[in-house]
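These numbers come from a predicted model, not from an experiment. Whatever order the structure lists them in is the order used to number ligands and atoms, beginning at 1.
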Amino acid sequence: MQLTILGCGGALPAYGRYPSAQILNTNECSILIDCGEGAQMKMQQYKVKQNRIHHVCISHMHGDHYFGLVGFINSQGLLGRTQTLNIYAPAKLKEIIALQTEWKLPFEIIYHDLLENKYAVLFENEKLKIEAFPVEHSVPTHGFKFTKKVKLRSLLPNKLREYEIPKYFYSKLADGEDYERQDGTIIKNELVTIEGKGNKSYAYCSDTRYTESIIPYIKNVNLLYHEATYLHELAERAHERHHSTTTEAASIAKLAQVDQLIIGHYSSKYKTLEGFKEEATIVFNNVLLAEEDLVVNI
Ligand SMILES: [Zn+2]
Ligand SMILES: [Zn+2]
């Protein structure tokens, strides 16, 4: 998977930082995660293939996370999009979109309501799983976890030929099954496969106060995005405003034993991001700063 940051700012756009928006590219489609104002311009700048976006996940109903969505939907209509768009968001969002897209769009939007304080599997097929889980913010808010499923075993083409395994059985081999010939001989799975690379996972937690309640949902992910609106000297303000600090984001990453942490959603009070990485790195040693145009391979 590949993550592109379109916006990493907090509530107010500031110092060139756009509000929250990200694109997660999987092999089969792209997912738009939050869609703050200006996201479309950033998508154009980074040459994001917008018709590959099949899923849109909106964490909560604060404008810095969805004000760009109506523009995106309208543009997709003007461009003649035909593919269905799935939107996972609080129920209110569909009224807002309906009000602002009164013309008949050439594509279908399917809304999936996020229920307050509830965990849900939003989408699952054999390659991808999208889950939502509650975080702690001033309005109902969800974090998301995206898992790209990789088969348990990787096939060895020359061995498949050598043992004359029929093609219809390949996906079962990838699931770890042995092959039984018509005469009853068993071809052990290990003879024709090797261990697969394992699933890849990404979790997005914004906006949220420090809460350990999210740990079971994000445990061991390869990459965690956790908001860090403030430096830690403003921990009290972060708590009051239902946001987190650098140190808190890093503590969550450490407790959840993730491979890598990326922080963002910086307050507009900070002209530069000096100190953000240093503070987080004291607690957790693999930290990236979200910045527009950053691309991370997962
Ligand atoms: Zn926000
Ligand atoms: Zn918010």
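Aromatic ring centroids of Tyr270 and Phe276 lie under 6.0 Å apart.
One of the N, O or S atoms belonging to His265 lies under 2.8 Å away from the Zn ion (ligand 1). With a cut-off of 2.8 Å, the Zn ion (ligand 1) has no N, O or S atom of Glu227 in range. At a cut-off of 2.8 Å, His62 does not coordinate the Zn ion (ligand 1) through any N, O or S atom. The distance from the Zn ion (ligand 2) to the nearest N/O/S atom of His65 is not under 2.8 Å.
Between Asn25 and Arg52, the closest side-chain pair of non-hydrogen atoms falls below 4.5 Å.
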- Message: The test is side chain to side chain donor-acceptor pair (under 3.5 Å); show your working for Gln83 and His54 and say whether it passes.
- Response: CA-CA 8 Å; Gln83 303 98 318; His54 294 177; 4.9 Å; no
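Closest approach between the Zn ion (ligand 1) and any N/O/S atom of Asp207 involves OD2. Atom OD2 is the N/O/S atom of Asp64 found closest to the Zn ion (ligand 1). His60 has its closest N, O or S atom to the Zn ion (ligand 2) at the position named NE2.
Atom OG1 of Thr193 and atom OH of Tyr179 lie 15.5 Å apart (nearest 0.5 Å).
Residues Thr245 and Leu231 approach most closely at CG2-O, 3.8 Å, considering heavy atoms.
Checked by atom type, the side-chain pair Tyr210/Glu212 shows a donor-acceptor distance below 3.5 Å.
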